[in-house]
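What follows is one structure encoded as structure tokens, with my remarks underneath.
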Amino acid sequence: LADARTQAKEVIAAAEKSGEASATRIVAEAEDHLSQERAKLRSELREELASLVVETTEKVIRKKLSTKEDLELINNTVKELQK
Amino acid sequence: MMHISRRRLADYAVKQLLEGQTAKQISKELAAVLIETKKTGDAELLAQDIAWQLEKRGKLASVEVTSATGIGETLRQEITSFIKEAVGVKQVNINEVTDESVIGGVRIETAALAWDRTIAKQLTDIKESF
């Protein structure tokens, strides 16, 4: 009976140890997954923000830039290129 | 059927041009060769090769100038003198293209070089730098 108890204790201890290791692994995997998701989201947000800024800027420029100003811009560009 | 490479054809065309043959005469000859060799699809590439060689030899630069609203005569002359200096050619032939998608500014392209100073390009650069 004593042997059986000892064996039972050993089996329980081993199971607890294995359970702890599994839990630790699961938590680590979950943290890793979360970290990857966060990075992906951050990158997507950055791209969306960039698109939004560029689209808005484009709309404003299209609305505000007159033919005369565009010609001035081209003229200045050519002068810069000539330097 | 004899195979003639596009490069050899371009060499021949440039040589003939420099010897004083008219572009019309050479075009006819080249068209005949392209039809004979069943390579009419190469016509555009052949024209680019000829333009590249003429530019490389300092004879002529065929330039495409793209802007949203078009350039006037003064700018055309400015661009011509810039190309003569930058590319080192005696003659410049400007082909003006109006394309609203560039938004503003100008894109200047020769057979071998390009300067893209359009607003569209700058916005793309900004977007890519994020």
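Atoms considered below: every heavy atom in the structure, side chains included; atoms not considered: hydrogens, waters and symmetry mates. Chain letters run A, B, ... following the sequence lines, proteins first, then strands; residues in each count from 1.
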*Checking B:Glu85 against chain A: side chain, backbone, both or neither under 4.5 Å from a heavy atom?*
neither
*Treat each ILVMFWY residue as a node, draw an edge where side-chain heavy atoms are under 4.5 Å apart, and state whether B:Val106 and B:Leu75 are in one component.*
yes
*asked:* Could you see if B:Val87 belongs to whatever hydrophobic cluster contains B:Val65? Use Ile, Leu, Val, Met, Phe, Trp, Tyr and a side-chain cutoff under 4.5 Å.
replied: yes
*asked:* Do A:Leu73 and B:Ile119 have side chains that approach each other closer than 4.5 Å (heavy atoms only, starting at C-beta)?
replied: yes
_Rounded distance [0.5 Å steps], CD in B:Gln122 versus CD1 in A:Ile61_ = 8.0 Å
*Determine the option with the most heavy-atom pairs under 4.5 angstrom with chain B, choosing from A:Thr57, A:Asn75, A:Asn76, A:Leu49.*
A:Asn75
*Taking all heavy atoms of B:Trp115 and all of A:Leu81, pick out the closest pair and write down the distance.*
CD1-CD2, 3.6 Å
*Identify the heavy atoms of A:Leu71 and B:Gly72 that sit nearest to each other, and give their distance.*
CD2-N, 4.3 Å
*Is A:Asp3 atom CG crowded by more than 12 heavy atoms from other residues, nucleotides or ligands, each under 6.0 Å away?*
no
*Is it the case that one hydrophobic cluster holds both B:Ile108 and B:Ile94, taking links as side-chain heavy atoms less than 4.5 Å apart, direct or via other members?*
yes
*Which atom of B:Glu100 lies closest to which atom of A:Arg62, heavy atoms considered*: O-NH1, 3.1 Å
*Quick one: pull up CD in A:Glu69 and OG1 in B:Thr69 and give me the separation to the nearest 0.5 Å.*
11.0 Å
*Treat each ILVMFWY residue as a node, draw an edge where side-chain heavy atoms are under 4.5 Å apart, and state whether B:Ile4 and B:Leu45 are in one component.*
no
_Hydrophobic clustering (ILVMFWY, side-chain heavy atoms < 4.5 Å, transitive) - are B:Leu17 and B:Leu9 grouped together?_
yes
*Of all heavy-atom pairs between A:Asp70 and B:Ala68, which one has the smallest distance, and what is that distance?*
OD2-CB, 4.1 Å
_Rounded to the nearest 0.5 Å, what separates atom CD1 in B:Ile71 from atom CD1 in A:Ile74?_
7.0 Å
*Mind checking whether B:Lys127 and A:Glu47 have side chains closer than 4.5 Å, heavy atoms only?*
no
*Taking A:Gln82 for its side chain and B:Ala86 for its backbone only, find out whether a donor-acceptor pair lies under 3.5 Å.*
no
*Any chance you could measure A:Leu52, atom CG, to B:Phe130, atom CZ, to the nearest 0.5 Å?*
10.0 Å
